[in-house]
Amino acid sequence: MNYRHAFHAGNHADVLKHLVLSRIFALLSRKEAPFAYLDSHAGVGLYDLAGDQASRTGEWLQGIARIWQAEALPTLLDDYLGVIRQLNPDGALRYYPGSPELARQLTREQDRLQLNEKHPEDGALLKDNMAGDRRVAVHRGEGWHVPRALMPTQEKRVVLLIDPPFEQADELSRCVTALKEALGRMRQTIGVIWYPIKDERQLKRFYQDLARSGAPKLLRAELFVHPADDASRLSGSGLAIVNPPWGLEDELRELLPWLAEQLAQSQASWRLDWLIEEA
Ligand SMILES: C[S@@+](CC[C@H](N)C(=O)[O-])C[C@H]1O[C@@H](n2cnc3c(N)ncnc32)[C@H](O)[C@@H]1O
């Protein structure tokens, strides 16, 4: 396990993933009924952008730093940026929330968080960062076992984020397996898989597997910061969203072009379509 998310915290891919998560929490919060948030590969929860790891790559400068400085922000960013403002009350951008901290701040008293991180040091940091919130349970086991170990949840509504490091070649297919296990336990699971876009040809099989996953409906949202013509670099990233809450598609149609404009590194673009349409 070599991957440490601190090197990438706040980059364009984190902005896409965390903004979409914030919208899912907002849409689910329109109803009183509680929901559970499950994060199979949670990271440490909170990142210091001035720390050694984030400073070495500076990826956040092309990500959240651009959004932080942007003018005429769409109101759909309010919740996401509100969390970052709370972490940086003097206005200088230094701390960035990982998915656990975002979820902790954007969920309610009745909601519950089950976070899992396998890396020994990062798991310990996550536990420290989440300490004191009784709605949060931190697990330090195998992320791929999360659907089997923690589902079905006592809450009828559940959001499952599957966000592995993609260090190994089989991780795209493991994501689909984990998703199917989750749907087998709770067909209504709102499942979010994050994936990197490097070689589009490699993703073809993943898209086919997702389309055959048996999910009730599945939305694909992708943001490219470069054209997808160079398989050696990260051109962008995508989210496969199973059972997206009603309204999310329209919101993404507003947000993706705006994000592409803000986060372009050479030539940016976006894509939003259904891999499985509702029957
Ligand atoms: C992309 S990062 C997660 C980022 C986090 N979800 C966020 O958005 O802030 C992937 C994490 O998975 C952890 N990890 C790697 N292999 C794992 C495994 N088999 N089970 C659980 N966690 C794992 C890594 O240590 C790393 O922290």
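These figures come from a predicted structure and were not determined experimentally. Numbering of ligands and ligand atoms starts at 1, following listing order.
Neither the backbone nor the side chain of Val44 has a heavy atom within less than 4.0 Å of ligand 1. Of all the heavy atoms of Lys17, the ones lying under 4.0 Å from any atom of ligand 1 belong exclusively to the side chain. Contact annotation for His41 and ligand 1: heavy atoms of both the backbone and the side chain come within less than 4.0 Å of the ligand.
Near Gly43, meaning under 4.0 Å from any of its heavy atoms, are these atoms of ligand 1: 27 (O). Listed by number with element, the atoms of ligand 1 under 4.0 Å from a non-hydrogen atom of Glu142 are 18 (C), 19 (N), 20 (N). The atoms of ligand 1 that sit less than 4.0 Å from any heavy atom of Asn116 are 21 (C). Below 4.0 Å from some heavy atom of Gly98 lie the following atoms of ligand 1, by number and element: 9 (O). Of all the atoms in ligand 1, the ones that sit under 4.0 Å from a non-hydrogen atom of His119 are 25 (O).
Using a 4.0 Å heavy-atom cutoff, Ser40 is listed among the residues neighbouring ligand 1.
The closest protein non-hydrogen atom to atom 4 (C) of ligand 1 is Asp163 OD2, 3.2 Å. Protein heavy atom closest to atom 14 (N) of ligand 1, with residue, atom name and distance, is Met1 CE, 3.6 Å. Counting protein heavy atoms only, atom 2 (S) of ligand 1 is closest to Tyr3 CE2, 3.5 Å.
In this structure, Glu121 pairs ionically with Arg4, as a charged nitrogen and a carboxylate oxygen lie closer than 4.0 Å. Here Arg157 does not pair with Asp111 in a salt bridge; the nearest charged N to carboxylate O distance is not below 4.0 Å. Classification of Glu277 and Lys217 as a salt-bridged pair fails, no side-chain N sitting under 4.0 Å from a carboxylate O. Note on Glu171 versus Arg174: no salt bridge recorded, every NZ/NE/NH1/NH2 to OD/OE distance being 4.0 Å or above. The pair Glu109-Arg135 does not count as a salt bridge, with every side-chain nitrogen at least 4.0 angstrom from each carboxylate oxygen. Residues Glu181 and Arg185 are not paired through a salt bridge, judged by the lack of any N-O separation under 4.0 Å between the basic side chain and the carboxylate.
The option from Arg4, His18, Glu167 that lies nearest to atom 8 (O) of ligand 1, judged by heavy atoms, is His18. For atom 26 (C) of ligand 1, the nearest non-hydrogen atom from the set Glu101, Glu117, His145, Gln168 belongs to Glu117. Here the shortest heavy-atom distance to atom 20 (N) of ligand 1, taken over Gly143, Pro164, Pro120, Ser99, belongs to Gly143.
His226 and Ser235 share no donor-acceptor pair across their side chains, judged by distance under 3.5 Å alone.
Within the cation-pi definition used here (under 6.0 Å to the ring centroid, within 45° of the axis), Arg220 qualifies as a partner of Tyr207.
Judged by distance alone, with hydrogens and angles left aside, the side-chain atoms of Asp250 form no donor-acceptor pair with the main-chain N or O of Gly247 at under 3.5 Å.
Of the candidates Lys17, His41, His5, Lys17 is the only one forming a side-chain hydrogen bond (donor to acceptor under 3.5 Å, both in side chains) with Asp163.
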